[in-house]
Amino acid sequence: QTHFGFQTVTEEERREKINQVFESVAKKYDVMNDSMTLGIHRLWKDVLVRKMNPSPGTQLLDVAGGTGDIAFRFINYVRSVRERQLQRRLKHHQNLSWQEIAQSYQEDKSPLGGSQVVVCDINKEMLKVGKEKAQDLGYSEGLSWVLGNAEELPFDDDKFDVYTIAFGIRNVTRIDLALQEAYRVLKPGGRFLCLEFSQVSNPLLSRLYDLYSFQVIPVLGEVIAGDWKSYQYLVESIRRFPPQEELKAMIEDAGFFKVDYQNLNSGIVAIHSGFKL
Amino acid sequence: MAAAAAGSLRRAGWGLWRGRAVVRWQLSPPQRPLQASAVLRRVSDEHKKEPLASSSQQQFDSHPADHQPGQEPQGPDPSYTGQGSQESEDYESEEQLQHRILTAALEFVPEHGWTAEAIAEGAKALGLSAAAAGMFQSDGSQLILHFLSQCNTKLSELLEQEQKLVQQGEAEKKPIDQFLRDAVEARLRMVIPYLERWPQALSILLMPHNIPSSLSLLSSMIDDILHYAGDQSTDINWYTRRAVLTGIYNTTELVMMQDSSPDFEDTWRFLENRIADAMKMGDTANQVQSTGEAIVQGLMGAAVTIKNLTGLNQRR
């Protein structure tokens, strides 16, 4: 027996309901994100990728990455780091012998330096929207789309440098299984990053936030996406999600070390980070 | 339910292992029996190091050499890379792993500078993913501080050994200026392999949030040198000596960074001159004092003579 928003349902029912929620919101997902958070979700995702600070060659697994926001930001970041790296290498190439010049042609000059991001999502509609977005924005290299369940990932052990799950772990039915899977697929030394709505500590802000969540967001959902119930589920699920310290304990249980969290906007959103050591 | 109990056991075990046991016990007394059995299990499994109950974090870090000789914290051990290193991580604390990564990262500093990239390369050299560099701050300051504390430890060991030799009578006790000169030279020589990137390191250390740690490392090093030099002053001299030596050390460091003479001869000559100046200053201070005393005595003598001559000194 588990919860779906404020209702009590079985695990099967919950999975089915969440599937339906995302099938129906997929097409308007990005628009709704912008209107609900007044565009601030972009800043949150930027902070996540900056905190990750990926270097060229990093393998990222973005779970519940649906429409690809984190994946695109990752690619942009790695591209700019790579450019700077290549420029620095060029500066050293002032007085080269012929042999060194020949060697430099054989060096790896790819724009991503071997970095790869795999976007994994359980919902086909979200992946479809993500793929279309990638095509529109011109992302093709180093990007792959996989259909999979966070509780049972279709990947081998020790494959990825970083595992991110942005606004997705809330919708996972068995969070502990998802965390264990995250631990399994990460390389030793790999990093787990989770960006998720969390509990607001400030009481005044908390009241305003509740007001906004329950009065404004479902209305926006109805007006923009024609779907009141999905957005009602969304705000309810935020309230049912464990607070920062509890999630930190769950991450430690899965075996991660140096687990820490960073509150953004005084707790509306929190980034949890852990290392597989 | 069982999972939750196992989870809390595991967490409790890790809490102890990280030395935060005391705080936890005070916070949640009912958990005491669980934590006690976690300790016993760990010790009997030979997973844990010695009595954790009393170990503070500090004690823990200073005891790595006592057990599991194969898992020395310093330097990458080739037999513990990849999967192996993951198991050995269970036996050492996060701090020890961080020290290992930073030590491995020092090799890459000449190429990448004191940056997170060097730390990432260090992590890769140990067989970990480059993402492990996320454990450290992104400005590379922890790498520099780690290097500094390593240098200071080496210096202490060097001075300790020299002192032992003197005590055993196998070496002569050096005069103080020679001793200071040798100690500062030995310490500065440790920086030579990274000299190209050292200005970057100094500028990072001067940033406000790094100043407390860098200042404390500097002062403890100066303290060590003066202690082994035999300084036992308990008055204002304690402070003036340290201030003077700190000044000498910093200026010599700056001179060394622009020195292009063979084997830094100019730097060592500069150091010699500064120490000679400092010694002279001490002597001059004493001379001034004794001259002052002599003058005062002379004046007193003159006053008594005048009193005698004018007859004021007679007692009838």
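None of the values given here were measured: they were computed from a predicted structure. Reminder, nothing fancy here: chain letters follow the sequence lines and each chain counts from 1.
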Taking heavy atoms only and a threshold strictly under 4.5 Å, list by residue number the residues of residues 111-120 of chain B that touch chain A; give 'none' if the list is empty.
B/Ala116, B/Glu117
Over 12 foreign heavy atoms within 6.0 Å of [atom1], [X]:
X: A/Lys51; atom1: NZ; result: yes
X: A/Glu152; atom1: CD; result: no
X: A/Gln262; atom1: CD; result: yes

B/Leu97 CG to A/Lys258 NZ distance, which is reported to the nearest 0.5 Å:
9.5 Å
Rounded to the nearest 0.5 Å, what's the gap from OG on A/Ser55 to NZ on B/Lys124? Could you check?
5.5 Å
Could you go through residues 131-142 of chain B and list every donor-acceptor pair under 3.5 Å that involves a side-chain atom there, pairing it with any protein atom two or more places apart or in another chain?
unit_1	atom_1	unit_2	atom_2	d
B/Gln137	OE1	B/Ser141	OG	3.2
B/Asp139	OD1	B/Ser141	N	3.1
B/Asp139	OD1	B/Ser141	OG	2.9
B/Asp139	OD2	B/His209	NE2	3.3
B/Gln142	OE1	B/Gln137	N	2.9

Where B/Ser129 and A/Asp161 come nearest, the two heavy atoms and their spacing:
OG-OD1, 2.6 Å
Which region of B/Ala123, side chain (C-beta onward) or backbone (N, CA, C, O), has a non-hydrogen atom less than 4.5 Å from a non-hydrogen atom of chain A, or is it both or neither?
neither
Contact origin within B/Gln98 toward chain A - heavy atom pairs under 4.5 Å
side chain
